[in-house]
J.: 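This is the structure, below, for whatever I ask next.
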Amino acid sequence: MSPKIVRVSVRDVRFPTSLEQHGSDAMHTDPDYSAAYVVLETDGGLRGFGLTFTLGKGTEIVVCAVQAMTGLVVGKSLEEIVRDFRGFYRLLTSDGQMRWLGPEKGVIHLATAALLNAVWDLWARMEGKPLWKLLVDMSPERLVSCIDFRYITDVLTEEEALELLVKAQEGKRQREEEMLREGYPAYTTSCAWLGYSDQQLKQLCTDALKGGWTKFKVKVGADLDDDVRRCRLIRQMIGPDNTLMIDANQRWDVSEAISWVSNLAEVKPLWIEEPTSPDDILGHAAISKALAPLGIGVATGEQCHNRVMFKQFLQAGALQFVQIDSCRLGSVNENLAVLLMAHKFRVPVCPHAGGVGLCELVQHLILFDYICVSASLSNRMCEYVDHLHEHFVCPVVIHNARYMPPKIPGYSCEMLESSVKKHQYPDGDAWKLYPKK
Ligand SMILES: C[C@H](O)[C@@H](O)CC(=O)C(=O)O
Ligand SMILES: [Mg+2]
């Protein structure tokens with residue numbers, strides 16, 4: 001008997017990370033890492049857990065959006081959903097009234113992500129597998145049946161997607177064994193949030209080097225002199241052979257981005273991330289073209305709201321690194337579409353994970369990508385941030401700067417109930433201690 005979803009609950013959970021400037025960047029100077037946290041209850045007792053990531057204020061709006069959508073979910077059995085997962089994705093994203101709030105972007109799409117993440121978690125738990133393994137064991141036909149190809153068939157048809165997946169079956173078992181043995185390569189952003197002092201930067205970088213990290217991302221974009229000093233400091237500490245990336249979080253206009261990053265070229269960044277508005281595809285293309293001779297690529301995706309945007313970024317040669325996000329796109333369904341398009345364009349995928357729960361979720365997607373789609377680790381790595389993992393029932397496991405594949409059934413985003421209670425906004429005990437914003 002397939003479990004039937006009988007109740008959806010959603011809570012506003014916030015962590016006061018801004019107190020210590022964790023997660024700060026040139027545009028988000030005081031983020032409180034937060035989540036709209038969804039639990040699906042079924043008649044058989046099995047539960048599915050999902051979330052979408054926010055920065056504090058406004059999480060209550062995402063909670064409202066999830067509540068508005070629950071009528072589309074309650075009463076459905078898991079079997080009914082996954083039998084036609086594409087249809088269910090469309091049901092959530094194409095509701096004749098609610099799609100006006102997006103479509104497939106903004107708060108309503110974040111809510112879709114939270115709900116669908118919970119459905120995927122439920123499915124993986126039902127099958128007794130971690131999500132990445134559920135995906136790895138699915139046939140190519142089943143995988144493509146989860147994807148909504150509407151608006152992307154000019155670049156990727158269902159038949160082509162199937163062909164790519166069938167082709168990548170070769171060597172799949174060996175790659176799975178390799179991942180289980182060695183894990184997936186990661187980079188750290190935790191040493192160099194914008195609000196950290198130079199002293200902190202040095203200490204965290206020293207610790208990270210000792211811990212085996214070789215790839216580091218530094219926040220830039222607020223003040224050029226500060227950026228030059230901080231980037232030099234990190235480059236000096238990590239040496240010429242380790243990898244450095246920089247992230248401006250959308251701070252600049254196009255020409256400003258080009259001149260600012262040219263001034264940082266001496267520290268040899270592999271990429272500049274989010275140099276300008278996440279919606280400016282042609283702007284990113286111009287930046288990519290201008291920075292290519294300096295050997296600097298453009299990375300973006302954490303605020304790229306759907307597969308249609310990614311399609312155009314790829315068509316325009318506007319990015320050299322695709323940064324999928326497990327909570328911005330419409331869950332696994334839409335991420336599958338983006339992974340396949342990136343593969344077709346031969347652009348490496350380096351997922352975004354700077355937030356609460358994002359590392360837990362996205363590790364599953366990138367493991368699947370390596371095992372079943374890209375079959376490559378060249379220029380690929382998954383972001384890691386060292387915050388708030390202690391609030392999860394199955395936190396990520398990092399060994400030698402690599403994500404070790406989760407073994408426990410589900411999508412890894414169930415939070416400890418005690419943490420949820422304590423950090424629920426505005427009445428949780430944590431928020432009695434900290435100033436409310
Ligand atoms: C506000 C978030 O911490 C953001 O700075 C994360 C990010 O850009 C990243 O991880 O990359
Ligand atoms: Mg970023």
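Keep in mind that this is a model prediction, so the values were computed, not measured. When a ligand or atom number is given, it counts from 1 through the structure's own listing order.
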J.: Answer yes or no: is there a side-chain heavy-atom contact under 4.5 Å between Gln363 and Tyr411?
T.: no

J.: With carbon and hydrogen excluded and only N/O/S kept, which atom of Glu273 is nearest the Mg ion (ligand 2)?
T.: OE2

J.: Establish, yes or no, whether a centroid distance under 6.0 Å links the rings of Phe216 and Tyr187.
T.: no

J.: Can you tell me if, anywhere in Glu383, an N/O/S atom lies at a distance from the Mg ion (ligand 2) that is smaller than 2.8 Å?
T.: no

J.: Report the part of Asp247 (side chain from C-beta onward, or backbone N, CA, C, O) that has a heavy atom under 4.0 Å from ligand 1; answer both or neither where that applies.
T.: side chain

J.: How close does the nearest protein non-hydrogen atom get to atom 4 (C) of ligand 1, and which residue and atom is it?
T.: Asp25 OD2, 3.3 Å

J.: Quick check: does any side chain N or O of Asp227 sit under 3.5 Å from a backbone N or O of Gly221, one acting as donor and the other as acceptor?
T.: yes

J.: Between Ala65 and Ala111, what is the shortest heavy-atom contact and its length?
T.: CB-CB, 3.7 Å

J.: Within ligand 1, which atoms have a heavy atom of Gly354 less than 4.0 Å away?
T.: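 Near Gly354, the atoms of ligand 1 are 6 (C), 10 (O).
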
J.: Hey, is Glu273 touching ligand 1 through its side chain, its backbone, both or neither, going by heavy atoms under 4.0 Å?
T.: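 Side chain only; the backbone of Glu273 stays clear of ligand 1.
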
J.: What is the minimum heavy-atom distance between Ala113 and Ser326, and which atoms define it?
T.: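 Result for this residue pair: CB-O, 4.5 Å.
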
J.: Please answer whether the main-chain N or O of Asn333 pairs with a side-chain N or O of Tyr89 as donor and acceptor at a distance below 3.5 Å.
T.: no

J.: May I ask you to establish whether Arg11 and Tyr37 are in a cation-pi arrangement, using a distance under 6.0 Å from NZ or CZ to the six-membered ring centre and at most 45° from the ring axis?
T.: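 That pair does not qualify as a cation-pi contact.
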
J.: As a test of reading the structure, name the N/O/S atom of Glu302 that is nearest the Mg ion (ligand 2).
T.: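 Restricting Glu302 to its N, O and S atoms, the minimum distance to the Mg ion (ligand 2) goes to OE1.
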
J.: If you measure every N or O of Thr189 against every N or O of ligand 1, does any of those distances drop under 3.5 Å?
T.: no

J.: So Pro395 and Glu360, do their side chains get closer than 4.5 Å, heavy atoms only?
T.: yes

J.: In Asp247, which N, O or S atom comes closest to the Mg ion (ligand 2)?
T.: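 In Asp247, the N, O or S atom with the shortest distance to the Mg ion (ligand 2) is OD2.
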
J.: Among all the protein's non-hydrogen atoms, which is closest to atom 10 (O) of ligand 1, and how far away is it?
T.: Glu383 OE2, 2.6 Å

J.: Would a 4.5 Å heavy-atom cut-off, applied to side chains only, mark Phe368 and Leu131 as touching?
T.: no

J.: For atom 7 (C) of ligand 1, what's the nearest protein heavy-atom neighbour? Residue, atom name and distance, please.
T.: Lys219 NZ, 3.0 Å

J.: Under 4.0 Å, heavy atoms only, figure out whether ligand 1 is touched by the backbone of His352, its side chain, both or neither.
T.: side chain

J.: Short list, please: which atoms of ligand 1 are under 4.0 Å from a heavy atom of Tyr33?
T.: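 Here the atoms of ligand 1 in question are 2 (C), 3 (O).
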
J.: Against heavy atoms of Trp193, which atoms of ligand 1 measure under 4.0 Å?
T.: 3 (O), 5 (O)

J.: What are the two closest non-hydrogen atoms of Leu204 and Ser190, and how far apart are they?
T.: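 Looking at all heavy atoms of both residues, the closest pair is CD1-O, 3.6 Å.
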
J.: Can you figure out which of Gly23, Ala353, Ser18 has its heavy atom closest to atom 2 (C) of ligand 1?
T.: Gly23

J.: Would Lys217 count as a polar contact of ligand 1, with the cut-off being nitrogen or oxygen pairs under 3.5 Å?
T.: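 N/O-N/O distance under 3.5 Å: yes.
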
